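The shown structure was predicted, so the numbers you read here are calculated from the model rather than taken from an experiment. Heavy-atom basis, side chains included; hydrogens, waters and symmetry copies ignored. Along the sequence shown, the residues carry numbers beginning at 1.
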Amino acid sequence: PIPMAWVEQDAQALMATAKLQDCELSLVLCSDEFIAPLNGQWRDKPVSTDVLSFPQDDPVVLGDLVISADTADRQAQERGHDLRDELRILMVHGLLHLLGYDHETSQEDLLEMVEAEGRLMVKLGWRGKGLIERVKDGGT
């Protein structure tokens, strides 16, 4: 089981560091079985994924992050760090999508999101590379 106290603590730290402490964020931790149909419905990829972001058109409510704890746990083991570090990486990535970053639209947008991920990880003092940088480096 994932200690929800540290998930909430990390989400609050992320929001404060991104200067979004007056905004709301919904965070759902789920299974691969739960996230796969969502990924199919919204991204036309009916397989499990690590994180999905659902932005809201609201100045206070940023949106919803859905993170598969199953996938996060596997990725943490594959990459040699703990589950908390992996969840942090996924929260940063998902939050940036809620803020309008999109690494799939152009090379320039990809580089902008890579830098934003890295900047947040460093400001927070969290270990690891951002999700895009890690994937770009071959998943290490």
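- Linking ILVMFWY residues whenever their side-chain heavy atoms come closer than 4.5 Å, directly or via other members, leaves V66 and V61 in distinct clusters.
- Other residues, nucleotides and ligands contribute only 12 or fewer heavy atoms inside 6.0 Å of the CG atom of D44.
- Residue I67 holds its CD1 atom at 11.0 Å from OG1 of T49, rounded to the nearest 0.5 Å.
- Atoms CG and CG, from L90 and D85 in turn, are 11.0 Å apart once rounded to the nearest 0.5 Å.
- Annotation for S26 and D64: closest pair CB-OD1, 2.9 Å, computed over non-hydrogen atoms.
- Dense packing is recorded around CH2 of W6, with more than 12 heavy atoms of other residues, nucleotides or ligands lying under 6.0 Å away.
- Criterion: ILVMFWY side-chain heavy atoms under 4.5 Å apart, direct or through other members. Under it, V7 and L14 are part of a common hydrophobic cluster.
- With sequence neighbours left out, the side-chain contact (heavy atoms from CB on, under 4.5 Å) criterion links E8 to Q12.
- Between R88 and L124, every side-chain heavy-atom pair lies at or beyond the 4.5 Å cut-off.
- The number of heavy atoms from other shown groups lying within 6.0 Å of CD (Q21) is above 12.
- By the 4.5 Å heavy-atom criterion applied to side chains, L20 and L99 are counted as neighbours.
- Annotation: side chain of H103 is not in contact with side chain of L96 (no heavy-atom distance under 4.5 Å).
- Without hydrogens or angle criteria, E117 side chain to L131 main chain gives a donor-acceptor distance under 3.5 Å.
- Note that CG of D73 is 10.0 Å distant from CD of E78, once rounded to the nearest 0.5 Å.
- The shortest non-hydrogen separation linking H97 to S53 is CB-OG, 3.5 Å.
- The nearest pair of heavy atoms linking L95 to A18 is CD2-CB, 4.1 Å.
- Separating the NZ atom in K129 from the NE2 atom in H81 is a distance of 12.0 Å, to the nearest 0.5 Å.
- Here the CD1 atom belonging to I132 is positioned 11.5 Å from the CD atom belonging to E115, to the nearest 0.5 angstrom.
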Could you list the donor-acceptor pairs under 3.5 angstrom formed between side-chain atoms of residues 30-39 and any protein atom two or more places apart in sequence or on another chain?
from, atom 1, to, atom 2, distance (Å)
S31, OG, E33, N, 3.4
S31, OG, F34, N, 3.1
D32, OD1, S68, OG, 2.5
D32, OD1, T71, N, 3.4
D32, OD1, T71, OG1, 2.5
D32, OD2, R74, NH1, 2.9
D32, OD2, R74, NH2, 2.9
N39, OD1, R43, NH1, 3.0
N39, ND2, K45, O, 3.0
N39, ND2, V47, O, 3.0

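- The hydrophobic clustering, which links ILVMFWY residues whose side-chain heavy atoms are closer than 4.5 Å, places L98 and V28 apart.
- Shortest non-hydrogen contact noted between G94 and V51 is CA-CG2, 4.2 Å.
- At least one side-chain heavy atom of M113 sits under 4.5 Å from a side-chain heavy atom of H93.
- L62 and V92 fall within the same hydrophobic cluster, where Ile, Leu, Val, Met, Phe, Trp and Tyr residues are linked whenever their side-chain heavy atoms come under 4.5 Å apart, directly or through other members.
- Ring geometry, F54 versus W42: the interplanar angle exceeds 60°, so the pair is classed perpendicular (tilted spans 30 to 60°).
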**Verdict with reasoning, D10 to L87, per side chain to side chain contact (heavy atoms under 4.5 Å, CB included)** = CA-CA 9 Å; D10 290 345; L87 289 172; over 6 Å; no
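- Using a 4.5 Å heavy-atom threshold, the side chains of L120 and T17 count as touching.
- Side-chain contact between E24 and D58 is absent, with no heavy-atom pair separated by less than 4.5 Å.
- Separating the CZ atom in R84 from the CE atom in M91 is a distance of 8.0 Å, to the nearest 0.5 Å.
- Within the 4.5 Å cutoff, no side-chain heavy atoms of D50 are placed close to those of I89.
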